[in-house]
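Okay, so here's the structure we're looking at.
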Amino acid sequence: MTARIIDGKTIAADLRGKVTDSVHRLLRDRGLVPGIAVVLVGENPASEVYVRTKSKMVAAAGMHAIDRKLPVTTTEAELLALVGELNADPVVNGILVQLPLPPQIDSHKIIAAIDPAKDVDGFHPLNVGRLASGLPALVPCTPLGCVMLAKSVHGSLAGMDAVVIGRSNIVGKPVAQLLLAENATVTIAHSKTRDLPALCRRADLLIAAIGRAEMVRGDWIKPGATAIDVGINRVPAEGGKSRIVGDVAYAEAAAVAGALTPVPGGVGPMTIACLLLNTLRAACAQHGLPEPKI
Ligand code: NAD
C-alpha cells in the first residue's frame with residue numbers, strides 16, 4: 001500500500017481562507033477586527049521566526065497583530081503586569097505568551113493569569129478543565145489541527161482505535177481529550193509504556209507527539225491506518241547542514257499506512273491556522289456573537 005499524503009499546507013490554507021472570510025464579514029457587519037497579542041520574552045531565534053510568521057498570518061487574515069517583545073531579564077512581576085494590561089485591553093481578543101519562558105518566570109503562573117476568554121492557546125486550567133468536562137472551550141491549536149487532519153481523511157472518528165504517543169500538556173493530553181470528544185477509543189502511551197510497537201499496531205489512528213526523530217517505524221503501523229506526525233526534530237544532513245524530520249520514519253510508514261502527514265507540511269501549518277480560528281472564536285464570544293460557522 002502507498003499512503004495517501006495528508007496535505008497540511010493545503011488544508012491549513014483552506015482553513016485560513018475561511019477564517020479570513022469570516023473576519024471580513026465581522027468587519028462589514030459589526031465593525032469589529034479581532035486582535036491577538038503575541039508576547040515573546042528573550043531572544044530565542046526559533047521562537048522569533050515563529051512569532052514573525054504568526055504575525056504575518058494574523059495580518060493576512062485581516063486581524064490586528066499586537067507584538068510585545070520583552071528582554072530576557074524580564075521578571076515574573078513585569079510579565080504578569082503586561083498580561084494584566086492585555087487582559088484589560090478591549091482591542092486584544094487573544095493573548096499568546098510564547099513558551100518556553102526564561103527560568104526566572106513560572107510559566108504556570110503566567111498561563112493562569114491570562115483571561116480564560118482570551119486564552120487562544122487553550123492552556124489555561126479553566127479551558128483544560130472545560131475540555132476534559134466536555135464543555136465548550138478554547139482548545140490547544142496543535143491538537144485541534146491534528147484532529148482536523150484526521151477528520152479530513154475519515155469524516156467521523158467515532159469508534160476508531162486511536163493511540164496517542166506522548167502525554168504533554170501541549171499536545172498529548174489535549175489531543176487525547178479531543179479524540180475522546182470525537183468518540184474515538186483512546187489510549188495514551190508515553191515513555192514508560194511497555195511494548196509500544198505492539199500497542200501502536202492496534203491503532204486505526206496513530207498520533208505521534210514524542211520529539212524523537214523517526215522513532216515510529218513502518219512495522220509499528222497497522223496496514224491502512226492513519227498516522228499523524230506531530231514531531232519536529234532537527235537532524236544532521238549532507239554537507240554539514242540539517243533537516244527537519246518527524247517522529248515517524250516517513251518512507252517506511254508511507255509503504256504501510258493508509259494516510260500519513262508529512263513533516264514539514266503536515267501538522268505544522270495547521271497550528272497557526274487554528275490559532276487564527278481560536279482568535280476569531282474568542283472575539284465573537286467576547287462580543288456576545290454566535291460561534292462562527294467554519
Ligand atoms: P514533550 O517533550 O513535552 O513530550 C514528549 C512526550 O513523549 C512525553 O509525554 C513522553 O512521555 C513521551 N516520550 C518520550 N520518549 C518516549 C519514548 N521513548 N516512548 C514513548 N513515549 C515517549 O514534547 P511536546 O511538547 O509534546 O512535543 C512533542 C513533539 O511535537 C516535539 O517534537 C515538538 O517539537 C513537536 N511539536 C510540534 C508542534 C507543531 O506545531 N507541529 C507543536 C508542538 C510540539
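Just so you know, these numbers use all the heavy atoms, side chains as well, and skip hydrogens, waters and symmetry mates. Note that ligands are numbered from 1 as they come in the structure, with each ligand's atoms numbered from 1 the same way.
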*Is the shortest side-chain N to carboxylate O distance from Lys18 to Asp14 below 4.0 Å?*
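Asp14 and Lys18: salt-bridged.
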*Electrostatic pair Glu48-Lys69, nearest N-O below 4.0 angstrom*: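 Salt bridge present between Glu48 and Lys69.
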Atoms of ligand 1 less than 4.0 Å from [X] heavy atoms?
{"X": "Val230", "value": "30 (O), 35 (C), 36 (N), 37 (C), 41 (N)"}
{"X": "Leu196", "value": "19 (N), 20 (C)"}
{"X": "Gly268", "value": "41 (N)"}
{"X": "Gly211", "value": "28 (C), 29 (C), 31 (C), 32 (O)"}
{"X": "Val171", "value": "26 (O), 43 (C), 44 (C)"}
{"X": "Ala209", "value": "5 (C), 6 (C), 7 (O), 28 (C)"}

*Is any side-chain heavy atom of Pro197 less than 4.5 Å from a side-chain heavy atom of Asp219?*
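Sidechains of Asp219 and Pro197: no contact.
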*Do Leu27 and His24 have side chains that get closer than 4.5 Å, going by heavy atoms?*
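With C-beta onward as the side chain, the pair stays apart.
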Got the closest protein heavy atom to [atom], with its distance?
{"atom": "atom 33 (C) of ligand 1", "value": "Ile232 N, 4.2 Å"}
{"atom": "atom 10 (C) of ligand 1", "value": "Ser191 N, 4.1 Å"}
{"atom": "atom 25 (O) of ligand 1", "value": "Ser168 OG, 3.9 Å"}
{"atom": "atom 40 (O) of ligand 1", "value": "Thr271 OG1, 2.8 Å"}
{"atom": "atom 42 (C) of ligand 1", "value": "Thr142 OG1, 3.3 Å"}
{"atom": "atom 17 (C) of ligand 1", "value": "Met215 CE, 3.8 Å"}
{"atom": "atom 13 (N) of ligand 1", "value": "Ile210 CG2, 3.5 Å"}
{"atom": "atom 15 (N) of ligand 1", "value": "Arg212 NE, 2.9 Å"}

*Measure from atom 8 (C) of ligand 1 to every heavy atom in Arg167, His190, Met270 and give the option owning the shortest one.*
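The option holding the nearest heavy atom is Arg167.
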*Apply side chain to side chain donor-acceptor pair (under 3.5 Å) to Gln98 and Lys54, showing your working.*
CA-CA 11 Å; Gln98 186 67 40; Lys54 269 181 198 162; 2.8 Å; yes
*Answer with side chain, backbone, both or neither: which part of Lys192 has a heavy atom less than 4.0 angstrom from an atom of ligand 1?*
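It is neither; nothing of Lys192 touches ligand 1.
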Say whether, by atom type as modelled, one donor and one acceptor occur between the side chain of [X] and the main chain of [Y] under 3.5 angstrom.
{"X": "Asp247", "Y": "Ile210", "answer": "yes"}
{"X": "Ser152", "Y": "Leu149", "answer": "yes"}
{"X": "Gln104", "Y": "Val72", "answer": "yes"}

*Hey, what do you get for CG (Leu260) to CD1 (Ile221), rounding to the nearest 0.5 Å?*
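Answer for the CG-CD1 pair, Leu260 versus Ile221, is 6.5 Å.
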*At their closest point, which heavy atom of Leu206 faces which heavy atom of Cys200, and how far apart are they?*
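Reported closest heavy-atom pair: CD1-SG, 3.7 Å.
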